[in-house]
There are 2 protein chains.
Amino acid sequence: MNIPASTKPRIVIIGGGFAGIALAKKLRNKNVQVVLLDKHNYHTFQPLLYQVATGGLEAGSIAYPIRKVIQEYKDFYFRLTSVKEIDTKEQKVISEIGDLHYDYLVIATGSKTNYFGNKEIERNAMSMKTIPQSLNIRSLILENFEQAVLLKEEAERNLLINFVLVGAGPTGVELAGALAEMKKAILQKDYPDLDISKMEINLIQSGDRVLNTMSEKSSLEAEKFLLNLGVKVWKNVRVTNYDGRTITTNTDLTFETATLIWTAGVQGAPIRGLDAKSLVEKVERIRVNEFNQVKGYDTIFAIGDIALMETKEYPQGHPMMAQPAMQQGKLLGDNLVQLISGRIMKPFEYNDKGSMATIGRNLAVVDLPNYHFSGLFAWFVWMFVHLFSLIGFKNKAVVFTNWVYNYIKFDREGRLIVRPYKKRSFTTFTSDEL
Amino acid sequence: MNIPASTKPRIVIIGGGFAGIALAKKLRNKNVQVVLLDKHNYHTFQPLLYQVATGGLEAGSIAYPIRKVIQEYKDFYFRLTSVKEIDTKEQKVISEIGDLHYDYLVIATGSKTNYFGNKEIERNAMSMKTIPQSLNIRSLILENFEQAVLLKEEAERNLLINFVLVGAGPTGVELAGALAEMKKAILQKDYPDLDISKMEINLIQSGDRVLNTMSEKSSLEAEKFLLNLGVKVWKNVRVTNYDGRTITTNTDLTFETATLIWTAGVQGAPIRGLDAKSLVEKVERIRVNEFNQVKGYDTIFAIGDIALMETKEYPQGHPMMAQPAMQQGKLLGDNLVQLISGRIMKPFEYNDKGSMATIGRNLAVVDLPNYHFSGLFAWFVWMFVHLFSLIGFKNKAVVFTNWVYNYIKFDREGRLIVRPYKKRSFTTFTSDEL
């Protein structure tokens with residue numbers, strides 16, 4: 001990888017997400033050499049991916065160049081690559097661009113979409129964990145409408161303008177709300193020759209409430225907001241298959257749709273090479289102790305979504321969200337410096353600042369540790385918190401400009417098919433039928 | 001194409017560029033049915049493509065949804081498609097999504113890159129006429145640097161950070177200036193482990209001056225600005241070939257580079273089906289009379305870059321730029337209404353408002369019909385004119401925000417490889433060498 005030799009201990013960080021970047025910032029100009037690896041050259045602000053998917057924001061507004069973060073850091077290197085494996089005996093990272101020795105390794109690879117083993121759903125559904133995936137969803141939504149206007153057969157048109165979202169966590173809820181607002185404010189006007197009232201947004205949830213990681217009040221209110229926006233909410237329904245056209249469920253319900261967006265679950269994105277015992281099956285997360293140290297290794301750590309720290313309060317690990325990731329990254333920065341200088345490390349304690357979700361214009365729910373509120377004020381809080389969490393002044397300013405414009409004009413001008421998305425399995429129509 | 005039958009005459013416009021959109025706006029709620037076809041669902045503001053390519057702006061900031069332009073227009077249809085051919089006998093447009101009868105046809109397909117018949121250059125060079133092409137250039141520039149940091153061999157590194165631009169028209173000059181500024185302000189800091197002083201920006205021009213469509217003063221000043229920024233300007237050199245690694249010229253000069261960006265010429269992008277006599281060879285433009293009527297047809301018109309109107313003042317046709325395109329589109333809107341109601345049409349007269357080019361920060365050249373100026377004030381004029389020419393308030397506001405930020409911070413935060421670009425022919429390195 002062409003990293004210069006150093007007398008200082010080398011820390012290799014895999015992943016520039018919330019956890020990896022928080023750690024990198026803490027390691028700035030410390031007495032270590034740091035190598036940060038990521039398969040993208042930018043950090044992604046994932047909470048706003050749904051706005052990229054629905055044309056409310058441009059991709060560049062929620063991405064930040066990783067090299068810019070570490071621009072002034074000494075003995076600090078970034079490499080754009082995908083890590084294939086870890087060799088824990090030789091203390092080596094094996095990547096697409098070569099091998100690299102580490103003294104300390106931090107795995108911050110985050111999470112990926114969990115299809116619970118269903119390969120057919122995986123093949124036919126869209127997921128939304130990265131910027132390219134969000135742009136694919138944006139293209140597909142718009143392509144569906146462009147195709148629908150060409151069709152004379154109503155059933156075929158409806159297939160294209162029926163959107164099914166599986167999983168009513170924050171991502172599913174926020175995306176459903178955004179689609180409902182697009183329907184009302186934009187698609188109605190953009191496609192006057194289409195009967196937009198036939199457009200459906202179906203949100204399917206296997207549990208008995210939406211936003212099931214939040215308070216019951218939030219769940220109830222979010223559902224009410226969704227219903228008011230025209231979203232069809234299906235609870236206690238588990239999707240069993242999707243062949244690219246028909247969704248089957250564990251009930252009598254079926255859905256005919258060209259577009260299933262799967263936000264029903266995440267799992268860790270681990271790397272090959274660790275002892276099988278350190279991996280927690282099904283969730284694919286790496287078991288760590290209170291210092292985020294991977295069980296069985298002294299010099300390997302895991303932070304963020306990929307790390308599973310079993311505590312009294314969180315017996316299944318912390319929620320896979322930005323907050324625990326950033327807090328773990330920060331603490332590990334301090335702890336590594338401590339460890340290297342032979343001092344004692346501090347155990348991690350999660351400071352839960354609360355959680356929130358937005359459903360649409362003036363509509364959000366906020367759970368603070370001891371207080372819940374919703375509606376217009378919650379929506380302002382949601383915007384404020386997200387705006388100020390973005391890295392960089394330019395992104396804040398551009399997102400703010402977009403939001404003000406979108407709010408005043410009820411608009412989303414990012415409805416652009418810049419890179420067409422070819423859906424693999426949906427080839428019902430031939431050009432003759434169009 | 002599923003366009004409803006109408007008693008009104010149907011005008012089909014192919015192309016939503018400057019000419020097509022100007023025409024569409026003029027035909028708003030006139031007593032005609034209009035169908036606008038384009039292969040993108042957005043209008044592109046081409047003069048700022050080079051800023052997208054160099055990370056100064058996001059793609060969405062210089063694109064505008066075509067459906068939004070015509071949202072309120074009655075009996076007005078947009079279809080996303082590529083036109084394959086025209087059947088002038090049957091008065092039909094043959095497209096990927098089916099055929100469509102026209103009463104009046106307007107060809108506004110613009111221009112495409114002209115490689116003057118050299119297939120090998122075409123295969124190996126990058127061009128910059130569309131947003132996807134600009135994003136490819138952006139990805140490739142950044143990928144080159146990410147690859148260069150991995151290499152121990154200086155010659156191989158230099159190959160990757162040597163950028164050769166062929167053609168010193170406005171596009172080549174503006175892109176060269178932007179690259180020179182990136183080198184100084186960004187790449188130096190982003191890649192501290194690379195000797196950025198080795199990065200070269202070579203601008204090759206077959207004629208004896210840069211910006212040869214502008215005044216001699218502008219040419220001289222622009223060249224001086226470029227040299228001050230560190231761009232190497234090669235005049236009277238004609239590129240003869242490029243195999244993906246070595247550029248040969250009509251002189252002894254050769255260039256070793258992984259990246260050739262070709263801005264050396266444009267030609268019309270005509271459609272099959274017109275009489276061969278109406279096409280002007282070499283430039284591939286369609287010969288029109290003073291009403292933009294294609295020679296030999298009563299109901300077919302061509303406007304913008306694709307149209308070649310031979311006048312006393314412009315014996316080779318008007319310059320292939322936004323201004324003549326917009327003016328022709330506007331006038332044809334009026335003329336078609338006149339023609340349909342049996343009234344007389346007005347011949348086109350080009351009102352040359354001048355031309356300008358920016359080279360970099362505080363550096364631009366402006367030619368007004370009777371006046372020339374350059375430097376800081378010219379640069380402000382350039383910015384003002386471009387900002388106000390963008391369609392839509394949101395784009396203006398976001399571009400302005402970006403420009404202010406980029407100016408104050410000497411930065412371009414759009415240096416994101418969102419969609420990696422795989423260069424077809426440059427496979428010198430295997431992973432072992434890295």
Side-chain angles (χ1 to χ4, degrees), chain A residues 1-4 40-42 55 57-61 63-65 67-68 71-72 76-81 96-98 131-132 135 142-143 146-147 149-152 186 189-193 392-395 397-398 400-402 404-406 409 411 413-419 431-432 434, chain B residues 1-4 40-42 55 57-61 63-65 67-68 71-72 76-81 96-98 131-132 135 142-143 146-147 149-152 186 189-193 392-395 397-398 400-402 404-406 409 411 413-419 431-432 434:
Chain A
M1 290 197 203
N2 207 16
I3 307 287
H40 295 297
N41 78 334
Y42 53 85
L57 291 176
E58 278 311 300
S61 309
Y64 196 83
R67 285 190 178 276
K68 164 122 184 159
Q71 227 177 36
E72 314 268 299
F76 215 110
Y77 301 87
F78 172 74
R79 290 293 181 267
L80 181 68
T81 187
E96 279 176 347
I97 56 168
I131 285 178
L135 292 172
L142 297 167
E143 284 161 12
E146 293 299 336
Q147 202 178 357
V149 291
L150 304 175
L151 299 172
K152 292 208 166 82
I186 294 165
K189 290 184 201 155
D190 266 10
Y191 298 91
D193 41 344
F393 177 78
K394 193 269 295 174
N395 282 355
V398 168
F400 181 72
T401 307
N402 273 286
V404 169
Y405 179 82
N406 296 352
K409 303 287 265 185
D411 212 339
E413 287 184 1
R415 48 188 192 277
L416 314 164
I417 308 172
V418 171
R419 310 262 188 170
S431 54
D432 285 341
L434 298 176
Chain B
M1 289 196 204
N2 206 15
I3 307 287
H40 297 296
N41 79 334
Y42 52 85
L57 291 177
E58 278 311 300
S61 309
Y64 196 82
R67 286 191 178 275
K68 165 122 183 156
Q71 228 177 36
E72 313 269 299
F76 216 110
Y77 301 87
F78 171 74
R79 290 293 181 266
L80 180 68
T81 188
E96 279 177 347
I97 55 166
I131 284 178
L135 292 172
L142 297 167
E143 284 162 11
E146 293 299 335
Q147 202 176 0
V149 291
L150 303 175
L151 300 172
K152 293 208 163 81
I186 293 165
K189 291 185 202 155
D190 266 9
Y191 298 91
D193 41 342
F393 177 79
K394 193 270 294 177
N395 281 355
V398 168
F400 181 73
T401 307
N402 273 286
V404 169
Y405 178 83
N406 296 351
K409 304 286 267 187
D411 211 340
E413 288 184 0
R415 47 190 193 277
L416 314 164
I417 308 173
V418 171
R419 311 262 188 171
S431 54
D432 284 341
L434 297 177

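Naming convention: chains lettered A, B, ... in sequence-line order (proteins, then strands); numbering from 1 in each chain.
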With the side chain counted from C-beta on, respond yes when [X] and [Y] share a heavy-atom pair under 4.5 Å apart, and no when they do not.
| X | Y | result |
| --- | --- | --- |
| A:Pro65 | B:Leu416 | yes |
| A:Lys409 | B:Lys394 | no |
| B:Ile3 | B:Arg79 | yes |

Quick check on the interface: out of B:Arg419, B:Glu58, B:Lys189, who has the most heavy-atom pairs with chain A under 4.5 Å? B:Arg419

Partner set under ring pair (Phe, Tyr, Trp, His ring centres under 6.0 Å) for B:Tyr64, not counting sequence neighbours: none

Among all residues two or more places apart in sequence or in another chain, which pass the ring pair (Phe, Tyr, Trp, His ring centres under 6.0 Å) test with B:Phe78? none

Select one option (side chain, backbone, both, neither) describing which atoms of [X] are under 4.5 Å from chain A's heavy atoms.
| X | result |
| --- | --- |
| B:Gln71 | both |
| B:Ile131 | side chain |
| B:Leu135 | both |

Choice from A:Asp190, A:Leu80, A:Val404, A:Thr401 maximising heavy atom contacts with chain B below 4.5 Å: A:Asp190

Please flag which part of A:Glu143 lies under 4.5 Å from any non-hydrogen atom of chain B: side chain, backbone, both or neither. neither

